Undergrad: 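Okay, handing you the structure first.
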Amino acid sequence: MALRQRGFPSEAIKNLCARVGVMVAQTAMEPHLLEARVCDVLNDTAPRAMAVLESLCIIITNFPAAKSLDIQVPNFPTDETEGFHPVPFAPIVFIERTDFKEEPKPGFKCLAWGQPMCLRHTGYVIELQHVVKGPSGCVESLEVTCRREDAGEKPKAFIHWVSQPLMCEVHLYERLFQRKNSEDPTEAPGGYLSDLNLASLRVVDATLVNCSVALAKPLTSSSVSVLSTSPWIQTAIRESLFLTKLTLKEDLGKV
């Protein structure tokens, strides 16, 4: 029940059980075995959407149209025969705050001074022109210009974004226990309760998500691109756009 509440599809749980079989002795399984089964199931069954957890406003000063454009985004990036859904692309978009650095470290591949990047699926590259900061010195918005992707040097990164978004609540789950086998007294001398990960749940109540998810039925699956450090984060859409999340991939080279 706890796994289902966190958005794990029943097919993934069944596939794991079939894979490990029946054992006489008590055995602790690696969590990534279940996560891999979740990835397999949702890659084939969950349409994609885009969302931003910690948003940064981007203002495109030379937007190429008088009004917003409809970008056709594939439901499944690896199989475009599964259809597309429209996503509005307007002069104001939002990206992850972590996808911008004023003073980037070596290896940072996203938006920075002199380092343009492409907005995923749009075919447009944006380049930084001005940083707008508040009284506290915190970056409030960025002013950028855009050009067609094929009109210049190929960008180093393609990042996700939202425009004219909906707001929803997202539950970010990490593993519940800190060790593989928390019932083993040699690993957790204080018992399994002493091994709880107190940061296993973080609630983000102002997540911005593509308006296309408004058409999703309650309790159906979707795969939401949330962080560039986690390119495809698997989720299950629930009532009131309640999302649960399982991180399947991380790119430590970005941060």
Side-chain angles (χ1 to χ4, degrees), residues 39 42-43 46-60 63 68-80 82 84-101 104 108-112 115-128 139 141-142 144 146-149 154-170 172 204 206-216 221-237 241 243-255:
C39 183
L42 292 186
N43 272 340
R48 270 38 170 201
M50 293 188 288
V52 171
L53 294 175
E54 298 180 10
S55 62
L56 178 60
C57 179
I58 303 293
I59 302 171
I60 304 175
F63 192 72
S68 64
L69 304 174
D70 276 342
I71 303 298
Q72 296 299 313
V73 176
N75 295 326
F76 294 86
T78 58
D79 186 3
E80 293 188 355
E82 292 290 339
F84 296 77
H85 62 273
V87 173
F89 177 42
I92 296 179
V93 301
F94 299 90
I95 66 172
E96 289 288 351
R97 188 166 289 272
T98 54
D99 281 338
F100 165 72
K101 298 288 184 185
F108 182 78
K109 298 179 181 180
C110 294
L111 187 61
Q115 184 167 286
M117 59 85 184
C118 187
L119 297 175
R120 188 184 298 274
H121 303 302
T122 65
Y124 284 95
V125 174
I126 60 173
E127 185 166 2
L128 183 62
V139 177
S141 64
L142 305 176
V144 304
C146 72
R147 62 168 172 82
R148 292 292 305 176
E149 182 185 347
K154 184 178 179 179
K156 294 183 178 180
F158 295 76
I159 68 172
H160 71 276
W161 53 276
V162 295
S163 185
Q164 301 176 358
L166 301 175
M167 187 174 293
C168 67
E169 179 179 287
V170 169
L172 302 177
V204 184
T207 296
L208 303 180
V209 63
N210 279 153
C211 56
S212 62
V213 301
L215 302 176
S221 295
S222 180
S223 180
V224 179
S225 178
V226 180
L227 295 172
S228 290
T229 49
S230 305
W232 291 112
I233 295 180
Q234 311 298 346
T235 69
I237 296 182
L241 295 179
L243 305 181
T244 61
K245 163 259 195 192
L246 165 68
T247 302
L248 296 178
K249 182 178 180 181
E250 293 184 354
D251 178 10
L252 299 180
K254 191 203 113 177
V255 293

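Because the structure is a prediction, the values reported are computed rather than measured.
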Undergrad: Taking the side chain as everything from C-beta on, heavy atoms only, tell me whether Trp161 gets closer than 4.5 Å to Glu96.
TA: no
Undergrad: Atom OG1 in Thr98, atom CZ in Phe108: separation rounded to 0.5 Å?
TA: 7.5 Å
Undergrad: Does Ile92 reach the side chain of Cys57, with side-chain heavy atoms less than 4.5 Å apart?
TA: yes
Undergrad: Return the SG to CE distance between Cys110 and Met117, rounded to the nearest 0.5 Å.
TA: 7.0 Å
Undergrad: Do Phe158 and Leu119 have side chains that get closer than 4.5 Å, going by heavy atoms?
TA: no
Undergrad: Ring of Tyr124, cation from Arg148 - is the NZ or CZ under 6.0 Å from the centre and inside 45° of the axis?
TA: yes
Undergrad: Look at the rings of Phe63 and Phe89 and say which category their plane angle falls in: under 30° parallel, 30 to 60° tilted, over 60° perpendicular.
TA: perpendicular
Undergrad: Kindly compute the distance separating CD (Glu127) from CD (Gln115), expressed to the nearest 0.5 Å.
TA: 10.5 Å
Undergrad: What are the two closest non-hydrogen atoms of Asn75 and Glu82, and how far apart are they?
TA: ND2-O, 3.2 Å
Undergrad: Mind checking whether Thr207 and Cys168 have side chains closer than 4.5 Å, heavy atoms only?
TA: yes
Undergrad: Show your working on side chain to side chain contact (heavy atoms under 4.5 Å, CB included) between Gln164 and Ser68 and close with a plain yes or no.
TA: CA-CA 9 Å; Gln164 301 176 358; Ser68 64; 3.7 Å; yes
Undergrad: Report the residue from Ile126, Ile59, Val125 that forms a side chain to side chain contact (heavy atoms under 4.5 Å, CB included) with Val144.
TA: Ile126
Undergrad: Give the minimum heavy-atom separation between Asp70 and Pro88, together with the two atoms involved.
TA: OD1-CA, 4.0 Å
Undergrad: Just how far is it from atom OG of Ser212 to atom CG of Leu166, taken to the nearest 0.5 Å?
TA: 8.5 Å
Undergrad: For Leu53 and Val170: C-alpha separation, side-chain torsions, deciding distance, then whether side chain to side chain contact (heavy atoms under 4.5 Å, CB included) applies.
TA: CA-CA 8 Å; Leu53 294 175; Val170 169; 4.1 Å; yes
Undergrad: For residues Cys211 and Pro165, determine if any side-chain heavy atom of one lies less than 4.5 Å from a side-chain heavy atom of the other.
TA: no
Undergrad: Drop me the distance from Ile95's CD1 to Leu208's CG, to the nearest 0.5 angstrom.
TA: 12.0 Å
Undergrad: Looking at side-chain heavy atoms only, is the closest gap between Arg48 and Pro77 below 4.5 Å?
TA: yes
Undergrad: How about Leu56 and Asp99: do any of their side-chain heavy atoms sit closer than 4.5 Å?
TA: no
Undergrad: Hey, are the side chains of Pro116 and Lys156 touching, using non-hydrogen atoms and a 4.5 Å cut-off?
TA: no
Undergrad: Apply side chain to side chain contact (heavy atoms under 4.5 Å, CB included) to residues Leu111 and Leu142 and explain how you reach the verdict.
TA: CA-CA 10 Å; Leu111 187 61; Leu142 305 176; 3.8 Å; yes
Undergrad: Keeping Asn210 on the side-chain end and Met50 on the backbone end, is there a donor-acceptor pair under 3.5 Å?
TA: yes
Undergrad: For a quick test of reading the model, state the closest non-hydrogen atom pair linking Pro74 to His85 and the distance between them.
TA: O-CE1, 4.0 Å
Undergrad: Is the backbone N or O of Ile71 less than 3.5 Å from a side-chain atom of His121, with the two atoms forming a donor-acceptor pair by type?
TA: no
